[in-house]
Amino acid sequence: MLDTANVPEKERGRLVTHAIQLAVQLDGLRIVEINGKAATRDEHMYGEKPKRTKHMKKIGECGVVKEGKNGKAGSRGIAMMFVGYAANRESDSYECTTPRQEKQ
């Protein structure tokens with residue numbers, strides 16, 4: 001999963017737990033047939049698809065997270081990478097991280 005997302009090798013060890021959690025969440029979206037009815041595992045278990053299916057992202061996807069306004073020419077956000085869906089939050093809440101800077 002992290003290889004497909006082109007996550008740098010030095011970042012993979014830090015992000016592997018996020019990738020495993022995301023894989024488990026996505027496994028609930030596999031379509032299976034139970035008693036002649038084909039539906040996702042989550043639909044069989046909970047009666048509906050998770051709300052996050054309306055806001056799906058790909059691991060490693062980059063985006064800018066707003067921090068606040070720092071003047072007209074200042075930074076208004078920080079570039080971050082999507083690593084999973086936030087637990088116990090709204091369906092459009094994500095877990096993101098920034099690459100670690102190497103100390104010089």
Side-chain angles (χ1 to χ4, degrees):
M1 185 181 282
L2 294 172
D3 186 47
T4 304
N6 295 317
V7 174
E9 191 74 35
K10 63 184 178 182
E11 294 289 322
R12 291 182 189 178
R14 184 171 67 93
L15 300 177
V16 71
T17 56
H18 292 287
I20 292 169
Q21 289 173 346
L22 181 60
V24 169
Q25 290 174 341
L26 294 177
D27 191 54
L29 298 177
R30 292 183 62 197
I31 296 175
V32 295
E33 187 173 323
I34 298 176
N35 297 330
K37 181 183 176 193
T40 66
R41 291 179 180 191
D42 286 341
E43 285 176 300
H44 284 297
M45 185 76 161
Y46 306 111
E48 62 183 10
K49 290 181 186 174
K51 292 180 182 176
R52 70 177 173 268
T53 58
K54 296 176 185 170
H55 306 283
M56 298 292 289
K57 301 287 181 196
K58 184 174 130 182
I59 193 166
E61 189 174 324
C62 293
V64 175
V65 177
K66 292 181 183 179
E67 285 186 306
K69 192 172 178 182
N70 186 10
K72 285 191 175 184
S75 174
R76 295 182 186 198
I78 184 168
M80 300 189 93
M81 177 175 63
F82 170 79
V83 293
Y85 298 98
N88 303 319
R89 300 270 188 228
E90 295 295 321
S91 63
D92 60 349
S93 296
Y94 309 110
E95 288 186 21
C96 298
T97 186
T98 56
R100 289 191 177 165
Q101 300 292 326
E102 290 186 28
K103 294 180 182 179
Q104 297 180 353

Between [X] and [Y], what is the shortest heavy-atom contact and its length?
| X | Y | answer |
| --- | --- | --- |
| T98 | A79 | CG2-O, 3.5 Å |
| G60 | A5 | CA-CB, 4.0 Å |
| R12 | D3 | NH2-OD1, 3.2 Å |

Approximate separation, where rounding is to 0.5 Å, of [X] [atom1] and [Y] [atom2]:
| X | Y | atom1 | atom2 | answer |
| --- | --- | --- | --- | --- |
| M1 | H18 | CE | NE2 | 13.0 Å |
| R41 | I31 | CZ | CD1 | 11.5 Å |
| E11 | L2 | CD | CG | 10.5 Å |
| E43 | E48 | CD | CD | 9.0 Å |
| M81 | I59 | CE | CD1 | 7.0 Å |

Might you work through the side-chain contact (heavy atoms from CB on, under 4.5 Å) test for L26 and M56, ending with a clear yes or no? CA-CA 10 Å; L26 294 177; M56 298 292 289; 3.5 Å; yes
Kindly indicate whether the side chain of P50, heavy atoms from C-beta on, has any atom under 4.5 Å from the side chain of T40. no
Could you tell me how the ring of Y94 sits relative to the ring of Y85: parallel (under 30°), tilted (30 to 60°) or perpendicular (over 60°)?
tilted
